[in-house]
Protein chains: 2
Amino acid sequence: MSIVSRRLEDELREGPEISPELDRLMRNARKASDFLKALSHENRLLLLCLLAEGERSVTELENILSLRQPTVSQQLARLRLDDLVTTRRDGKTIYYSLANDDVRRVISVIYDMYCGTPASDAK
Amino acid sequence: MSIVSRRLEDELREGPEISPELDRLMRNARKASDFLKALSHENRLLLLCLLAEGERSVTELENILSLRQPTVSQQLARLRLDDLVTTRRDGKTIYYSLANDDVRRVISVIYDMYCGTPASDAK
DNA sequence: AAGATATATGCGAATGCGATAATATGTCTT
DNA sequence: AAGACATATTATCGCATTCGCATATATCTT
């Protein structure tokens, strides 16, 4: 990870031109912040926590979290657009689950931070 | 992690009262989403990436990222308020660094996702 | 004390986001 | 085909965030 500033500072010394390395880094940062924005919502975080345990239907999520159907559906739509979750239809009901391991990994870290040990609950 | 929905569903069966477990979970989710919101910004993410390599003065950050001083200062202030970074004064200059290991851990995961392998840069 | 440097803050305009309610779509059953 | 159930979409409104700019504060030097 310590290569980041090294590269940027090297380019800085070469003059005030536009730095391709910085440009690359900024594009990555934009994508990363888009991903994090998708996570940065109380309800979406709860939904993802549940989905981390396995797939769920909209109705199940609605009941477990005591949220209204349009709310759940709306937030799931957002997560779908950002490719954080995928769906599977079975008759009337649609089952949601986490889309990939990146999501799983981040959710796991966040879960450990805020729900990990009982002591940390009051953090 | 699979205890979350178990507990919630148990409480659901007991009736429509307000669930203390859900309440606790929602408070944690709020804190977690506040934390993630602080991260969910292109420039703040870049700042944190640099700080993950070691402490930096405002001027250094400003030069490396080619951002204006008020912009850098403003985003650092936000990170300070959310306890993601700490400061150390030495004369005129103020050095910033990451506040704790939680931040370090999350930044590391995000960095791996978006800047990890060269191939993943185009992700 | 004055000037220079380093950092912080306040403000107004533009934009984006979330909650809610109402409505629409799709699928099954009979 | 009709009605019931599961899910999705749309519109509106109010609120919070962001950005750029101007300005303020703090520290050092001479």
Side-chain angles (χ1 to χ4, degrees), chain A residues 12 26 29-48 50-51 55-99, chain B residues 12 22 26-27 29-48 50-51 55-99:
Chain A
L12 263 185
M26 278 176 43
R30 172 170 296 280
K31 281 176 209 135
S33 70
D34 284 344
F35 171 76
L36 287 170
K37 277 177 190 152
L39 290 180
S40 306
H41 186 280
E42 186 177 344
N43 290 340
R44 287 198 292 269
L45 219 39
L46 289 171
L47 290 170
L48 291 170
L50 288 180
L51 295 181
E55 71 172 9
R56 290 287 191 179
S57 72
V58 178
T59 303
E60 283 176 328
L61 295 170
E62 187 185 329
N63 288 332
I64 294 177
L65 296 179
S66 298
L67 295 173
R68 305 181 194 214
Q69 182 270 321
T71 300
V72 173
S73 220
Q74 202 175 4
Q75 303 304 344
L76 287 173
R78 166 72 192 272
L79 294 173
R80 227 186 312 130
L81 289 178
D82 282 302
D83 290 321
L84 298 192
V85 299
T86 55
T87 61
R88 171 179 78 82
R89 168 155 237 151
D90 179 15
K92 285 180 279 191
T93 88
I94 296 184
Y95 291 96
Y96 280 79
S97 50
L98 296 192
Chain B
L12 263 185
L22 179 56
M26 278 176 43
R27 278 203 307 278
R30 172 170 296 279
K31 282 176 208 135
S33 69
D34 284 344
F35 171 76
L36 288 170
K37 277 177 190 151
L39 289 180
S40 306
H41 186 280
E42 186 177 343
N43 290 341
R44 287 197 291 270
L45 220 40
L46 289 171
L47 290 169
L48 291 171
L50 288 179
L51 294 181
E55 71 173 9
R56 290 286 191 179
S57 72
V58 178
T59 303
E60 283 176 328
L61 295 170
E62 183 185 335
N63 289 330
I64 295 177
L65 296 179
S66 298
L67 295 172
R68 304 180 194 216
Q69 182 271 320
T71 300
V72 172
S73 221
Q74 203 173 6
Q75 303 303 344
L76 287 173
R78 166 72 193 270
L79 293 173
R80 228 186 312 130
L81 288 178
D82 282 300
D83 290 322
L84 298 192
V85 298
T86 55
T87 59
R88 170 179 78 83
R89 168 156 236 151
D90 180 14
K92 284 180 280 192
T93 88
I94 295 184
Y95 291 95
Y96 279 79
S97 51
L98 296 192

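Here is how names work: the chains are called A, B, and so on, in the same order as the sequence lines, proteins then strands, and each is numbered from 1. Just so we're clear, the structure is a prediction, and the values are computed from it rather than from any experiment.
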Inset, instruction - Examine D:dC21: is either OP1 or OP2 under 4.0 Å from a nitrogen or oxygen in the side chain of B:R68? Give yes or no. - result: yes
Inset, instruction - Indicate whether OP1 or OP2 belonging to C:dT27 is found under 4.0 Å from a side-chain N or O atom of A:R89. - result: yes
Legend entry - Shortest non-hydrogen contact from B:M26 toward A:E42: O-OE2, 3.4 Å
Inset, instruction - Would you mind telling me which of D:dA8, D:dA6, C:dA6 lies closest to the side-chain atoms of A:V58? - result: D:dA8
Legend entry - Separation of atom CZ in B:R30 from atom P in D:dA16, rounded to whole Å: 12 Å
Inset, instruction - Looking only at non-hydrogen atoms, find the nearest pair between A:S33 and A:R30 and report the distance. - result: OG-O, 3.0 Å
Legend entry - Expected output: side-chain B:R44 to main-chain B:L79 donor-acceptor under 3.5 Å: no
Inset, instruction - Report yes if at least one side-chain N or O of B:T59 is closer than 4.0 Å to OP1 or OP2 of C:dT5; otherwise report no. - result: no
Legend entry - Protein-nucleotide distance (B:E62, atom CD; C:dA6, atom P), rounded to Å: 9 Å
Legend entry - Nearest-Å distance for atom pair CG/C1', residues A:L61 and D:dA6: 13 Å
Inset, instruction - Starting from P on D:dA6, measure out to CG on A:L67 and report it in whole angstrom. - result: 17 Å
Inset, instruction - Inspect the contact between B:D82 and B:R78 and indicate whether a charged nitrogen and a carboxylate oxygen are less than 4.0 angstrom apart. - result: yes
Inset, instruction - Remember a base hit wins even if backbone is also touched, and classify B:Y95 as base, sugar-phosphate or nothing at under 4.0 Å, heavy atoms. - result: nothing
Inset, instruction - Please state how far atom NZ in A:K37 lies from atom C1' in C:dG18, giving the value in whole angstrom units. - result: 15 Å
Inset, instruction - Ignoring the backbone of A:P70, work out which of C:dA21, C:dA8, D:dT7 is nearest its side chain. - result: C:dA21
Legend entry - Nearest-nucleotide pick for A:H41, side chain only, options being C:dA19, D:dT7, D:dA6: C:dA19
Legend entry - B:L76 or A:T71, whichever maps to the more 5' nucleotide of DNA chain C: B:L76
Inset, instruction - Please work out if B:Q74 contacts a base, only the sugar-phosphate, or nothing of the nucleic acid, heavy-atom cut-off 4.0 Å. - result: base
Legend entry - Minimum-distance nucleotide to B:T93 side chain [options: C:dT20, C:dT7, C:dG26]: C:dT7
Legend entry - Sugar-phosphate, base or nothing in reach of A:S73, heavy atoms under 4.0 Å: base
Inset, instruction - Starting from C1' on D:dT7, measure out to CZ on A:R88 and report it in whole angstrom. - result: 15 Å
Legend entry - N/O (side chain, B:R78) to phosphate O (OP1/OP2, D:dT17) under 4.0 Å: no
Legend entry - Residues B:S57 and B:T93: side-chain donor-acceptor under 3.5 angstrom: no
Inset, instruction - Send over the distance from A:I94 CD1 to C:dT25 P, rounded to a whole Å. - result: 15 Å
Inset, instruction - Would you please confirm or rule out a distance under 4.0 Å between OP1 or OP2 of D:dT18 and any side-chain N or O of B:R44? - result: yes
Inset, instruction - Answer with base, sugar-phosphate or nothing: what part of the nucleic acid does B:Q75 contact at a heavy-atom distance below 4.0 Å? - result: sugar-phosphate
Inset, instruction - Show your working on side chain to side chain contact (heavy atoms under 4.5 Å, CB included) between A:L48 and A:V85 and close with a plain yes or no. - result: CA-CA 8 Å; A:L48 291 170; A:V85 299; 3.9 Å; yes
Legend entry - A:Q69 CD to C:dA22 P, straight-line distance once rounded to whole Å: 14 Å
